[in-house]
Each structure stands twice: as C-alpha cells, then as structure tokens.
Asker: 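Starting off with a structure, shown below.
So you know, we letter chains A, B, ... as the sequences are listed, proteins then strands, and number each from 1. No hydrogens, no waters, no symmetry mates; every other heavy atom, side chains included, goes into these values.
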Number of protein chains: 2
Amino acid sequence: MAPTVPAAFPSVGKELQWMKYSRGRAGHPGATQAPVPSAGPTRNAMAEDSVRSVERALSLLRCFDLNTEALTLTELSEKLSLAPSTTLRLATVLTAQGFLQRSKVKTYSLGNAVYLLGAVAKSHFKLHNTVLPHMLALRDACKEAVTLYAMEGGYRVVYEHVESLRSMRCVVRVSDRFPLWAGAAGKCLLAYADAETVEEEIAKVRPIAPGTILDPDRFRRELAEIRRNGGRAVSHGEREEGITSTAVPIFCAPDKIAFALTVSAPSSRVDSTGLRSIFELSIQASRDIERLLRP
Amino acid sequence: MAPTVPAAFPSVGKELQWMKYSRGRAGHPGATQAPVPSAGPTRNAMAEDSVRSVERALSLLRCFDLNTEALTLTELSEKLSLAPSTTLRLATVLTAQGFLQRSKVKTYSLGNAVYLLGAVAKSHFKLHNTVLPHMLALRDACKEAVTLYAMEGGYRVVYEHVESLRSMRCVVRVSDRFPLWAGAAGKCLLAYADAETVEEEIAKVRPIAPGTILDPDRFRRELAEIRRNGGRAVSHGEREEGITSTAVPIFCAPDKIAFALTVSAPSSRVDSTGLRSIFELSIQASRDIERLLRP
DNA sequence: AATTAATTTCCGCTCTATGGAATTTTAGCT
DNA sequence: AGCTAAAATTCCATAGAGCGGAAATTAATT
C-alpha cells in the first residue's frame, strides 16, 4: 500500500520512516508539491499500538513545510479531516508546549520548541555531521551543487544540500520535497523500489518541465537501464527546465537504497565528458559515504 | 508557581511559552544543567483542555537535549515518571512517525522528522532571520561572541549565537541552557522578572565558578542596580572562570524583557573602556532589534 | 446593521489510552 | 555455557480521556 521506504543504515541511528498520505487534493497551484498528512478517519484497519491523539498531533505539526508558514484553525482541521473542536484542542496543547505559536491574527505556525529541538537533532545527526564534509568535497571537485535525497512518503526529500559557488546555481533547501517521477534522484531512488511503488509513481506523472518523461514504458525502461548501470541516473530538465543533474545511489545493503546523491548544474555547463567525470567523482563519494554510514 | 516567561514580541510570530519542570533531581554532575520535563502525575489540578497523551509525548521529545543524545526506555520512563508500558507505547508512535529513532541497542534519539521540521521552523523563524544580521554586525564591531538568550523554564536558553573570530573564543550552541543565577544574561533577564522568580533562582545558587555571586543580598542589590542602569549587566567569571560578559535587554514592552543580548570574551581582552564601548554598541543593536521585532 | 464565516465553549457518550502484572528478551556474572 | 537480574515487551480489564456534534461567541465582510 503506502510506499514502503527503504530503511536507511540502521546503524546511523537514523531510520527513515513510512508515512501515509491521503489523496493529493490538488493543492495550491503555486508550490511544486504539497502533500497532506493524513490524520483523519483513514484508520487503516490494523495500526496497532496507536495513540490516536499523539498521531494526530504529530500530523498537525507536519502540516507545516517550507512553503507553509502559517495555517488557520480551519485550514488545519481541513488538512487533517478533523473536527474543528478536536483540532483546536490539539493545537492548544501544542501551543502551550511551544511546539506551535499563535499570531494575533489567529494563525498557527511552528513554535520555538521545534526550532530548539531541531538544533538538538541537528547536532546529534550522524548523517548531517559525517556526510556533509564529503558533500562539500564533491562540490569542490565538481564545482556544482550537491544534494542528498531520501524517499519519504512518496516524495524525495532534501536531507542535505551544498550549493555550488558559481553565480548561477541550482538551490534547494533541506526539507524541500519533490516528485519521485521527475529528475535524476527520483529515478535513482525508484530504480530500487518495488514494482508497486514504481507504478504508483508512474500514475502521478504529469508534465512539469520540457524534459519530463511522460511515457510510462519509456520510464520503466529507463529505470531498468539505471539499475543495470549500478544506479547512475541523469536528468535533462525533467523537473525544471535547463537543469541537468546526475544521481548515484547510496546503499545500506545490496540493492537496498538509502539515499540518492545528486549533482545539479545548468545544462549549459555540462557536456558529455563533464558528465562522465561527475559520475566518477559521485560514485567515489558515494562509496566513501557508504563506508561512513556502515556500523 | 512555575516561573512565568515574559511573552516575546507577539508580533514576531514567536511567543515564548512557559514550561513546567519538576524538582531538579541533581542530574549528572558533568553537564552544566539538565532539567527534567515533567509529564508525570503532577497533574496540577486545573490544566484544562489537556490531551494528556500528547502532552506526554511532547515531554518525551523534550527529554533530549544537546547533552542527551540517546535514552533507553527505562531512562525515559523514569524521567517522565510514566509506566514503562505507557512510555513504550508513546515512544513507538513517535518512532513510527519519525520523530524518534531507535538504534539496534534499543536506545531512542530524536528522529529525522525533528531534523526536517527544525529546518522548516528555522526558515520561517523571524527571530532567526531578522536578528542574526544585527548580531553579526555587533560581533564584527566588538570582535567578540554575541549571544541571544531568553528565559524559559527557569533557565536561560540560547536562541542565537555568533562566534567571535579570534582564535580564543567563547562558544555556546543554540538550545544550550544555563542558570539564570549566574552570568550577565541571567541577571539581565532576572532584573525584569517578578520577585517570586528572583527568589526561586536565588535559592538555586551554588558556586560554579570563582565569580559566582553567592550572597543573596548582594545578588538582589545587583539586580536593582541593573534595573537602574536600563538593564546593563556585567559578569566577571560568574558562570565560567575567565569569561567576562555583558548583557543588555531587548524589550517587547516597557519593562517587559524578551531577550538578553550578550557579548562574551576572555576577561583578559576586556578593559573598562572596552566594556563601555561594548555596552554602547550593544545598546544600539538592542534598539535596532527591538524596532525590528515591533509590528 | 446585517449576514456570514470562523473560532471557541459545552457536554454526554464511546472507545482510547492506561498501568499493573505476566512474559519474553537481553545483558551481566560466575 | 549456564544462571540471574534487569530491561523490554505483551496482554488485558477498566477508568476516564478524548472525541465531535451542536450551540454560542467572536470576527470578518457586505
């Protein structure tokens, strides 16, 4: 059902978790993507050991993302499919504990407790602390932006990012989420996903850039090709016009992908020999990182 | 009762929240401080609108701080005064949602959801985005470390910090917490707190550095003096030997302090004229920041 | 002022969340 | 290894926490 997320190196003290999303409900046309955390009556039969109110409270926190700074009570209760009274109660508790804050115009946003806890998490995050140096080195070698993606809840989300130093750069932010069905990282991650997940993603495809792969068969063939190449994936403007990017997998076990490591650049700066050297450097970095994340 | 925290500029979209702490239970002797979030049966009579399980789950998250990377189930349930079975259930839900992660040795630590949400909170945090530039400017002017503290749960916690560029520096980390009864920032914050809070803090005093003010009367007199000086506070090795630091208040309303802005340096680098200029620069920065946070 | 929408309070019912006790697993010793 | 103690996990009957509908209040809009 829900796209199972390959658990990352358990030893890293960092395991990616599944997340269930409700039907995408179109959303604002503006933002690239905006998944809706479901906390509603979608109580999938099983789901043992649920502490419903806690699950809901956490889903409430997840309603906020880089493009969603503030939400009203109504918006929250709609996103969560919860009664306004229930939503209010949860929001009140979260606010009292500093996980949310309320503006005088009665909108909620993430509170200082999240900010502070985030700093704590960051300081302990092995991923952050050990991988970033390697990404920096790769950036310096390629002179282009380097990003680390993981699959999560039907998206690829940015876990780490290092900007290029050129004045024209490709920039994303930690916590940004993009579709799996467009772009090198998406294909790389999907190449090692189960067929079910792949089909789910293929069903979502829609043209968002000139290079978007619209033909399902071509998409499937490309995934197979990528797997045959040990995970190397390229995209020419699939997600955004004029960007060429490469992706290589970071495995936590044979054929079990944890992350995709990408290098992104304006297409004009990348020729075929450049591409080859980027892959070489990326693969090397990937090997190093895999070793780092091992037990 | 619980030390009431002065609400910061409500308009900033950032309001500091109270938090209740149980008796300090000594804690490790190593770390400077380690408050224990109470989620236990200390259900203070009132406390309406409680969603107990959510409150407990949030307290569980708060068990982790910069000095507490991982905790076992038992440690958690002790910290929270909850039955192991209850703690396990909460921890399981938090883990399933990515707010916690479990290592193979069965210790819990903060999960990637916290890391990612923290990035979101940071990107929206007006405080972070508007204040930091001013702190950087102050650092450049003073050539010394600049830190922003707020009072919270009987501590002063670091909200922002900019390091000095000298090779000998005073460094703290966002989310670090220190006592209110030692150091310039603590005195500055207490100078505008209510008498009850002040007395609570005075009761906690113990010698942690050569400069610690042990005499209650002297402490009270100094707070009065600070208030008379518009909030300017100095510390000579009160919290840590060899560090001199200054603090000035950032008000959100007349006599309502939101933050303390400090400059910290090795005592050897600060003479009385240096101190005067630091205060001048700090006050100016404080004014600027207050204006920024106004609306 | 009138209308509508959003927020908040209230309350009775249901099923969730609880913690003690029992069981299993893990860790620590000899 | 075998044994013991501690920690983790499962189970379950029960209390009462959390739920959401509906009403009341407040704010926004015309």
Asker: Do A:Thr72 and A:Thr107 have side-chain atoms, one donor and one acceptor, less than 3.5 Å apart?
Answerer: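 Not at all, the side chains of A:Thr72 and A:Thr107 share no donor-acceptor pair under 3.5 Å.
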Asker: Within 45° of the ring axis of A:Tyr155 and under 6.0 Å from its six-membered ring centre, is that where the NZ or CZ of A:Lys204 lies?
Answerer: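 Yes, cation above the ring, under 6.0 Å and within 45°.
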Asker: Atom CZ of A:Arg89 to atom P of D:dA17: distance rounded to whole Å?
Answerer: 13 Å
Asker: Counting distance alone, no hydrogens or angles: does the base of D:dG16 have a donor or acceptor under 3.5 Å from a partner atom on the side chain of B:Arg52?
Answerer: no
Asker: Looking at D:dG18, does its base get a donor-acceptor pair with the side chain of A:Arg56 below 3.5 Å?
Answerer: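 Not at all, since no donor on one side and acceptor on the other fall under 3.5 Å apart.
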Asker: Any cation-pi pair here, A:Lys79 with A:Phe64, using under 6.0 Å and within 45°?
Answerer: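 So A:Lys79 doesn't make the cation-pi contact.
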Asker: Between A:Tyr149 and A:Phe178, how do the two ring planes meet: parallel, tilted or perpendicular, split at 30° and 60°?
Answerer: perpendicular
Asker: What is the distance from CG of A:Leu60 to P of D:dC19, rounded to the nearest Å?
Answerer: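 Taking atom P of D:dC19 as the reference, CG of A:Leu60 is at 12 Å.
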Asker: Using atom CG of A:Leu71 as one end and atom C1' of C:dA6 as the other, report the distance to the nearest whole Å.
Answerer: 15 Å
Asker: Enumerate the protein-to-nucleotides 6-9 of chain D contacts in which both atoms are nitrogen or oxygen and the separation is below 3.5 Å.
Answerer:
| residue | atom | partner | partner atom | Å |
| --- | --- | --- | --- | --- |
| D:dA8 | OP1 | B:Leu73 | N | 3.4 |
| D:dA8 | OP2 | B:Thr74 | N | 2.9 |
| D:dA8 | OP2 | B:Thr74 | OG1 | 2.1 |
| D:dT9 | OP1 | B:Arg102 | NH1 | 3.0 |
| D:dT9 | OP1 | B:Arg102 | NH2 | 2.8 |
| D:dT9 | OP2 | B:Arg102 | NH2 | 3.2 |

Asker: Is it true that B:Arg52 and B:Glu55 have a side-chain N and a carboxylate O under 4.0 angstrom from each other?
Answerer: no
Asker: Rounding to an integer number of Å, can you tell me how far A:Lys104 NZ sits from C:dA6 P?
Answerer: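 One finds 19 Å between P of C:dA6 and NZ of A:Lys104, rounded.
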Asker: What's the spacing between A:Asp176 CG and A:Arg156 CZ if we round to 0.5 Å?
Answerer: 10.0 Å
